[in-house]
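Everything numeric here is computed off the predicted structure, so don't read it as measured data. These values consider heavy atoms only, across backbone and side chains, with no hydrogens, waters or symmetry-generated copies. For the single chain, residues carry numbers from 1 onward in sequence order.
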Amino acid sequence: MTKGKTVLPMHNQILYSLKEAVLFVQDDGQIIEANSNAERILNNANINIQEQSIFSYLDFDLLTDSNEVHLLMEQKNQKGRLLEVKSIQVAERVYCLLLHPLSIQDKAEEIKQYINENSFAGMEGIVMYGENTILDCDPIFANMFGYSIDEIKGIEIYKLIHRKGKSMIEENCCNLENPYELTGIKKDGTKFYLEVIYYPYNNEGSIIRVASVKDITDKVVNENQIEYMAYYDQLTDLPNRNFFYKVLKEAVSEARKSGEILAVYFIDLDYFKEINDTLGYAFGDQLLQACGNRLKSFLETNTFIARMSGDEFLILKRDASTKEEAVELAEKLIAEFEKPIKIDEYEIYTSVSIGISVYPENGSNANDLIKHADSAMYVIKEKHRNNYNLFDSSISENFRMRLTLETELRKALREGQFELHYQPQKSFSTGKVVGLEALLRWNHPQKGYISPSEFIPLAEKTGLIIEIGDWVLHEACKQNKAWQNQGYDPITVSVNLSAKQFHQRSLVDKVKDILNDTGLSPYYLELEITESMAMSNENYILKTLKDLRDLGVLVSIDDFGTGYSSFKYLSLFPITKLKIDKMFLNNEQQENKAIVKSIIHMSHSLNMKVIAEGVETMEQFAFLSQERCDEMQGFYFSKPLPATQLTKFFTV
């Protein structure tokens, strides 16, 4: 102000030339100046508005809350007329107001854009309502609910919303930024899903709400389907592991307060893999569905059943007051699954192995309870099947040691901790070393040498035996070729094959590649397989053995005499040597000597050589020599030695 006169930040000529409705107002509400568009909007009568207070037209107090305010307001002297008003403080006591008339019918799109320009693309309806009743709406909103505009005006807003949504409307009436969801009710009673966002405007101090409403039924249905997929197994229609974990976690939290005992059952179908492989995956799915239905018969208010994965299921039993009560359910489950399951024309007999963990004794959280029930199941499945097993701490310790050993086993392979020691094989007729058996040793950097009886079975179970076996085969061939390159007479090196190695489809190609890579002639490699491996699948085994022999590799049967071989197999299979198991030499009974004699004589009649392992005494050596055994190995001659200590046995 200058000498009592307010100085405007805009020349009058510019103000009157603007198309927008603009006026300037003092903080006490006195209108200082207004262009013709502002005069036309505020006052249709020929009254000089500059002599008027803005309070005659708008609730000016709401426009001075901050330096810049943007609101939808009802014009006081034109009831029902909406104005979009933007107020900007331009001087110490002066505000500039920009006016823009709005109508629900004519300006719905502007309102939508004003409410949320980016989030509400598509078909949205606009509604304006007072405390309870609808004052006005656009055609989209009316059609959304199945009404005409005339029908819907005056209807109580809460009649269009499911009763549970009333509190949500009241809670969100001041939420001007985030949309929220409601369940709407159409004129015919049909329910659908809405997304709502509000924008208020002022009506002489009372708030009238303007809302933009969007039909999101398709989106909600899709989200519900996704939620179902996240928490339910589609094949069996049982809760899945995620849902089970959530429920168990909540049950543990409650039990911690109440002192309740919980039991968790980890259930595995016995022989499912065999059934699946024999009758196909579609049949396997039917079996899983049937088993899921059978488990559902055990549903009670205090039990929760879920499918873990594959052929594994989980049960939570609340209020398991004693271990005996927990065991009782397991026994009922086992009895139920002993009954045949009829699928198509088949009657399938399966059984279940069950591991049980109890809260709080076997775990204080959901993870531990599931893990310990799984561990208990694994133990019983390995031993018996069709049985149950309660978890105890020794199981956990054994598994911990096994996991530690498995981790260290993988590290050993990666860091080169494995070594090969070789046990010489001596000819009875010449007294010379004619072969070496490669034996795997693990030289742990902290624990020293670990017995093969500890880590070989674990390598078999984990599948690491394939990778370890490949290393052994390659290392043995490379070392044998190195001795030959040093000028020593060629001898045969024999390598034991595990069952998993021998049943690889690519075994013959793998052996061929290793021989090519190391440069060793196939005639100086002998592969040892056990008697039980040789007789497990006659046709497939026969083809593999013939392919190896065609390659030039020698094949021997280890531990002969402990299985159920017959002359038929020995005559069919292209075996070059039999190795007599040491158990027949450790016992001096006449029956064992007779077995050894018969093996030697039988082998010679089939043009096969015989080697005896585990020869430790002079008496054993003399007996084998007398019976014309071809070769021997054992501590009587030499223990297994590292490669650097073997050259004393070689001839140049």
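- Checking side-chain atoms of Gln620 against main-chain N and O of Thr617 turns up a donor-acceptor pair under 3.5 Å.
- No donor-acceptor pair under 3.5 Å is formed between the side chain of Ser506 and the backbone N or O of Asp509.
- Heavy atoms of other residues, nucleotides or ligands lying less than 6.0 angstrom from OH of Tyr346 number 12 at most.
- Distance check: Leu624 CG to Ile600 CD1 gives 6.0 Å after rounding to the nearest 0.5 Å.
- Between the side chain of Lys500 and the main chain of Glu460, a donor-acceptor pair closer than 3.5 Å is present.
- Using a 3.5 Å distance cut-off with no hydrogens or angles, the side chains of Asp270 and Ser353 do pair a donor with an acceptor.
- Applying the 6.0 Å contact sphere to CZ of Arg549 captures more than 12 heavy atoms from other residues, nucleotides or ligands.
- Using a cutoff of 4.0 Å between basic side-chain nitrogens and carboxylate oxygens, Glu361 and Lys323 are scored as salt-bridged.
- When each of Ile341, Asp344, Leu235 is checked for a side chain to side chain contact (heavy atoms under 4.5 Å, CB included) with Gln286, only Asp344 meets the rule.
- Residues Leu420 and Gln479 have side chains not in contact (no heavy-atom distance under 4.5 Å, counting atoms from C-beta outward).
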**OP:** Determine, step by step, whether Ile356 and Ile354 satisfy the side chain to side chain contact (heavy atoms under 4.5 Å, CB included) criterion, reporting the C-alpha distance in whole Å, the side-chain angles of both residues, the deciding distance to 0.1 Å, and the verdict.
**Re:** CA-CA 7 Å; Ile356 308 169; Ile354 305 173; 4.1 Å; yes
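- With hydrogens and angles left out, the side-chain atoms of Glu526 and Thr492 include no donor and acceptor closer than 3.5 Å.
- Judged purely by atom type and a 3.5 angstrom limit, Asn240 uses its side chain to pair as donor or acceptor with the backbone of Asn242.
- In this structure a side-chain-to-backbone donor-acceptor pair under 3.5 Å is missing from Tyr265 to Leu333.
- A cation-pi contact, defined as under 6.0 Å to the ring centre and within 45° of the axis, links Lys593 to Phe623.
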Original post:
Going through the distances and angles, do Phe283 and Ile348 end up as a side chain to side chain contact (heavy atoms under 4.5 Å, CB included)?
Top reply: CA-CA 11 Å; Phe283 190 93; Ile348 302 298; 3.8 Å; yes
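- Ion pairing of Arg318 with Glu254 is present here, as a side-chain N (NZ or NE/NH1/NH2) and a carboxylate O approach within less than 4.0 Å.
- Between Ile261 and Val358, the closest side-chain pair of non-hydrogen atoms falls below 4.5 Å.
- Atom CD1 of Ile595 is separated from atom CD1 of Ile580 by 10.5 Å, given to the nearest 0.5 angstrom.
- Phe304 and Phe243 have their aromatic ring centers within a separation under 6.0 angstrom.
- Ion pair Glu631/Lys577 flagged as a salt bridge, since at least one NZ, NE, NH1 or NH2 atom sits closer than 4.0 Å to an Asp/Glu carboxylate oxygen.
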**OP:** Determine, stepwise, if the pair Glu613 / Asp558 fulfils side chain to side chain contact (heavy atoms under 4.5 Å, CB included).
**Re:** CA-CA 9 Å; Glu613 64 177 346; Asp558 193 12; 3.5 Å; yes
Check: residues 436-445 side-chain donor-acceptor pairs under 3.5 Å, at least two apart:
unit_1 : atom_1 : unit_2 : atom_2 : d
Glu437 : OE1    : Lys579 : NZ     : 3.1
Glu437 : OE1    : Gln633 : NE2    : 2.7
Glu437 : OE2    : Asn496 : ND2    : 2.8
Trp442 : NE1    : Gln417 : OE1    : 2.9
Asn443 : ND2    : Glu419 : OE2    : 3.1
His444 : ND1    : Gln446 : N      : 3.0
His444 : ND1    : Lys447 : N      : 3.1
His444 : NE2    : Glu408 : OE1    : 3.4

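- The two atoms that bring Val495 and Ala476 nearest to each other are CG2-CB, 3.7 Å, heavy atoms only.
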Original post:
Yes or no on side chain to side chain contact (heavy atoms under 4.5 Å, CB included) for Leu314 and Phe266, after CA distance, side-chain angles and deciding distance?
Top reply: CA-CA 5 Å; Leu314 292 161; Phe266 199 107; 3.5 Å; yes
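- Taking all atoms of both residues into account, the shortest heavy-atom contact from Leu316 to Ala251 is CD2-CB, 4.0 Å.
- Taking the side chain as every heavy atom from C-beta outward, Lys381 and Met377 approach each other to under 4.5 Å.
- Of all the heavy atoms in Ala643 and Tyr422, the pair that sits closest is CB-CE1, 4.1 Å.
- Here Thr183 contributes atom OG1 and Glu181 contributes atom CD; the two are 8.5 Å apart, rounded to the nearest 0.5 Å.
- Looking at heavy atoms from C-beta onward, Leu527 lies in side-chain contact with Leu548 at the 4.5 angstrom threshold.
- Using a 4.5 Å cut-off on side-chain heavy atoms (C-beta onward), Tyr232 and Leu238 make no contact.
- Counting heavy atoms from C-beta outward, Ile275 and Leu269 have side chains that stay 4.5 Å or more apart.
- With a 6.0 Å radius and a threshold of 12 heavy atoms from other residues, nucleotides or ligands, Lys257 has its NZ atom at or below the threshold.
- Of the possible polar contacts, none joining the Arg410 side chain to the Arg414 backbone as a donor-acceptor pair under 3.5 Å is found.
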For residues 468-475, which side-chain N or O atoms pair as donor and acceptor with protein atoms under 3.5 Å away, sequence neighbours left out?
unit_1 : atom_1 : unit_2 : atom_2 : d
Asp470 : OD1    : Lys510 : NZ     : 3.3
Asp470 : OD2    : Lys510 : NZ     : 3.0
His474 : NE2    : Asp517 : OD2    : 2.5

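- For the atom pair Leu329 CG and Ile315 CD1, the distance stands at 5.5 Å (nearest 0.5 Å).
- Taking all atoms of both residues into account, the shortest heavy-atom contact from Ala366 to Tyr245 is CB-CE1, 3.6 Å.
- The two residues Asn365 and Val252 have their closest heavy-atom pair at CA-CG1, 4.3 Å.
- When all heavy atoms of Val610 and Ser603 are compared, the pair lying nearest together is CG2-CB, 3.2 Å.
- Ser494 has its side chain within reach of Gln425: a pair of non-hydrogen atoms, C-beta onward, lies under 4.5 Å apart.
- Leu578 contributes atom CG, which lies 6.0 Å from atom CD1 of Ile557 (distance to the nearest 0.5 angstrom).
- When atom types are taken as modelled, the side chain of Ser357 and the backbone of Asn362 share no donor-acceptor pair closer than 3.5 angstrom.
- Residue Gln645 places its CD atom among more than 12 non-hydrogen atoms of other residues, nucleotides or ligands, all under 6.0 Å distant.
- The distance from atom NZ of Lys478 to atom CG of Leu520, rounded to the nearest 0.5 Å, is 13.0 Å.
- Asn389 contributes a side-chain N or O that, together with a main-chain N or O of Ala376, makes up a donor-acceptor pair within less than 3.5 Å.
- Classification of Asp550 and Lys546 as a salt-bridged pair fails, no side-chain N sitting under 4.0 Å from a carboxylate O.
- The closest donor-acceptor contact from the side chain of Gln423 to the backbone of Ser638 lies under 3.5 Å.
- Within a 6.0 Å radius of NZ in Lys512, other residues, nucleotides and ligands contribute 12 heavy atoms or fewer.
- Counting only residues at least two apart or on different chains, the salt bridge (Lys or Arg N to Asp or Glu O under 4.0 Å) pairs with a member in residues 285-309 are Asp233-Arg307, Arg294-Glu336.
- Here the side chains of Leu545 and Phe502 are in contact, with some heavy-atom distance below 4.5 Å.
- A donor-acceptor pair under 3.5 Å links the side-chain atoms of Gln501 to the main chain of Ser498, judged by distance alone.
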